[in-house]
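Below, chains carry the letters A, B, ... as their sequence lines are ordered, and counting in each starts from 1.
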Amino acid sequence: MRADSSLEGLPKELLEGLNPEQRAAVETTEGPLLVLAGAGSGKTRVLTHRIAWLIGACGIPAEGILAVTFTNKAAGEMKERVQKLLGPEAGDVWVATFHSTCVRILRREIQHLDRSRAFVIYDESDSLGVVKEALRRHSLDPKSHDPRRLRWRIDQWKNAGLLPDDAGERAEDLDAEQGAELYATYQRLLHEAEALDFNDLLLQTARLFEERPEVLARWQARWQYVLVDEYQDTNRVQYRLVNQLASGHRNLCVVGDPDQSVYGWRGADIRNILDFERDFEDAKVVRLERNYRSTQSILSAAGAVVENNRDRKDKRMIAERDEGDRVGLFEARDEREEAQHVVQSVLEGTRREGRPHGHFAVFYRTNAQSRPIEEELLKYDVPYVVVGGVRFYDRAEVKDVLAWLRLVVNPADAMSLRRALNAPPRGIGKTTLGRAEELAAREGVTLLEGLRRHAAEGAAARTQARVRELFQLLESLSREIREAPPDEAITRVLEHTGYLRHLERESTPEAESRIENLRELLAGAEDFAVANRGVDLGERTPLEVFLDQVALVTDLDGHESRSDRVSLMTAHSAKGLEFPVVFLVGMEEGVFPHAAASREGRAIEEERRLCYVGMTRAMERLTLTWARERRRYGSRTFGVPSRFLGEIPSELVEGDVPEEAASRGEPSLDYSYAQDGAAEAGGEGLTSVVRGMRVRHPIFGVGTVLDVSGSGPRQKLRIRFERVGVKTVVLRYANLEFG
DNA sequence: TCTGTAGGCGTTTTT
DNA sequence: CGCCTACAGA
């Protein structure tokens, strides 16, 4: 312990107000520690106090600590709270997401993998563009090979830590083999563009650590204490990274709650937390089971739902608060009535109890469900904010401008070139680009260089002139903005490329709103410039750092919780938050649980955990609503109440548990398991169809199942038939033979 | 090469 | 229902 006068008395203070378990989690600083932190048990408090304890009481230098979180928002909050506890002593503690941590490492070390340190980060749509390009290179029709499906598949491989060769080795059929080849092409294209997609950030870092032990050793030495938040949501690659970083000193503290694991679809592997004690035999385990957030009724109701999961460690949360109101249940005729109920309740709460709008939150399963609620809120002038959804930086006009910036930083970036090229249009079209691409592939140069050579080698005079103009523009732009602060760089791009003039000339309301978004982009860049004035960025330019940040922020991070607005968001986005009054809407089969999850046991359990997450965000009042009728993709559909409603004991509920839901819980669970089991056993028993299965259709002949969607009588199959290509058939009517 | 329109399509959750 | 793509016409 160090005798720094400014810290005297602090250590004691850091433990005040913590319960014995929380205190143990803070004080157990050495060696592996697993903190099983149930919902509302003061997890963030433990993490922040632990960091403060390490610095303030144990004398660990701030920069020796790494704390990894899931979202930028969580990271920001945690850092802020540590600073509040310690003051300036908090200094350089590194609290960040996995992704930004990896970016930081790669920006310094990626040359060891033979790559450029000026790499660009491709987001989902960039990456989809690369997938399409890969399909083109293999002369495959995007109609029969859905690019999104392939992208998803590549993602799954990456989440599992598999590189193209690994995927190829494991391929069991032609389809998988072809997929692996496409994956290889995809990686090659990324490499040629000096680009990394989101998953590459993690995967390449893990690879780097494996291939270069001396590099790993440096980072191990730097971060003597590692903390990981939301450990239940880590995937295999993140697991590898954590183990690599902690394998020397083993001062690893992971915090999580298996009941809140809701990212399995994204490759999160719940085994990571369930097996922690096996991975580290000497691990200490602390359980935080006192809930300080919710009333007894809310907690019991949520617990009753999640208890139905079979694959679960038994756990009981103890409510510290009193019983409170029963959980509300509302049956609406349709989605409009549902919205009306929510908004009327909000109005009542504000009038009668004087609650600010910020007390209320509405959660739904999918982003598309926000609309009717928004319309109703607008009708009564209730201020609200939609959290998540379309990322600001995903808007076309914003991406256009950013493409120019990215191109200046990294001229190899083919996707940005494609974008920037025609923003605004400058007479270089498909044909020219296609030729340039061919040339680039043939001669092994970047797309930009291919374009230059194509123009030099006898393209039409017109094209030549236009390409020359483009290069002049790029060169002068590059000279001017390379070292400039991002706000100035954006201004220059808007001027010199003629993008702004192009929009102004349109003078439509749409163009007007685009210009408005660009102003917002500019304002964001100004904020960045102000925040980073005088900050040492090392060898990197402000523009480069700005682009990194832009690539990794989500819409979630920007909107801080405001006290004067109702919050609307998906149940996923709600994780980690809390609100006094919560509405969980759209509680119908097919909506929540989502139809895509209804067929598989494991997926249903994840839906149930998601429901648990949503319910446990509520502090004082929780209302679940469902609608008999709902407009979905333009047409009316009829819904039955969610099985989750039937899992809540009626004595905890205000209002009637719908009969249909009450009778569901058990049998539906068994059914899903029966189906799952049959699939694993090789397809006997009920018609349980899985991907890759061979089938015979009376008309179309023999084929392979590509995908299964929906459940029950409406279950649909996408099948690639040998003779007639890909068709979608309804299982019930198709008369398929299996085997 | 660009722009407008008609049709097809799929729609889970996100770093 | 709204987004995106493919296609036709200038």
Exercise for review: Describe the nucleic acid contact of A:Phe98 in one word from base, sugar-phosphate, nothing, applying a heavy-atom distance below 4.0 Å.
Suggested key: nothing
Check your understanding: Closer than 4.0 Å, any side-chain N/O of A:Ser100 to the OP1 or OP2 of B:dT15?
Key -> no
Check your understanding: Rounded to whole angstrom units, what separation is found between the CD1 atom of A:Ile154 and the P atom of B:dT15?
Key -> 21 Å
Practice item. Name the closest nucleotide to the A:Glu607 side chain, picking from B:dT14, B:dC2, B:dT12. Key: B:dT12
Study note, to complete from the structure: Rounded to whole Å, NE2 of A:His99 lies from C1' of B:dT14 at a distance of 9 Å
Practice item. Assign A:Glu606 to base, sugar-phosphate, or nothing according to its heavy-atom contacts below 4.0 angstrom with the strands shown. Key: nothing
Check your understanding: How would you label the contact of A:Arg371 with the nucleic acid (heavy atoms, under 4.0 Å): base, sugar-phosphate, or nothing?
Key -> sugar-phosphate
Revision key, fill the gap. Between A:His572 and A:Gly427, whichever has its closest DNA chain B nucleotide further toward 5' is A:Gly427
Exercise for review: Give one of base, sugar-phosphate or nothing for A:Arg148, where a contact means two heavy atoms less than 4.0 Å apart.
Suggested key: sugar-phosphate
Study note, to complete from the structure: Of the candidates B:dT1, B:dT15, B:dT3, the side chain of A:Arg266 sits closest to B:dT15
Review point. Under 4.0 angstrom, heavy atoms only, what part of the nucleic acid is A:Asp123 near: base, sugar-phosphate, or nothing?
Key: nothing
Exercise for review: Fit a plane to each ring of A:Tyr263 and A:His572, take the angle between them on a 0 to 90° scale, and name the class: parallel (under 30°), tilted (30 to 60°) or perpendicular (over 60°).
Suggested key: tilted
Check your understanding: Among side-chain atoms of A:Glu124 and A:Ser127, is any donor-acceptor pair under 3.5 angstrom?
Key -> no
Practice item. Considering just the side-chain nitrogens and oxygens of A:Arg426, establish if one lies under 4.0 Å of OP1 or OP2 belonging to B:dT1. Key: no
Check your understanding: Atom CG of A:Asp197 and atom P of B:dT15: how far apart are they, to the nearest Å?
Key -> 15 Å
Point to revise | Comparing A:Phe70 and A:Thr366 on DNA chain B - which has the more 5′ nearest nucleotide | key: A:Thr366
Check your understanding: Does NZ or CZ of A:Arg236 fall inside the cone over A:Tyr239's six-membered ring, less than 6.0 Å from its centre and within 45° of the axis?
Key -> yes
**Study point:** Side-chain N,O (A:Asn367) to OP1/OP2 (B:dT13) below 4.0 Å
**Key:** yes
Point to revise | Phosphate OP1/OP2 of B:dT13 contacted by A:Ser573 side-chain N/O (<4.0 Å) | key: no
Check your understanding: Quick one: is B:dT12 close enough that its OP1 or OP2 comes under 4.0 Å of any side-chain N or O from A:Thr570?
Key -> no
Practice item. Could you check whether A:Lys132 gets within reach of a base, just the sugar-phosphate, or nothing at all, counting any heavy atom under 4.0 Å? Key: sugar-phosphate
Review point. Would you say A:Thr71 reaches B:dT14's phosphate, i.e. side-chain N/O to OP1/OP2 under 4.0 Å?
Key: no
Study note, to complete from the structure: To the nearest angstrom, the CG-P distance between A:Leu433 and B:dC2 comes to 11 Å
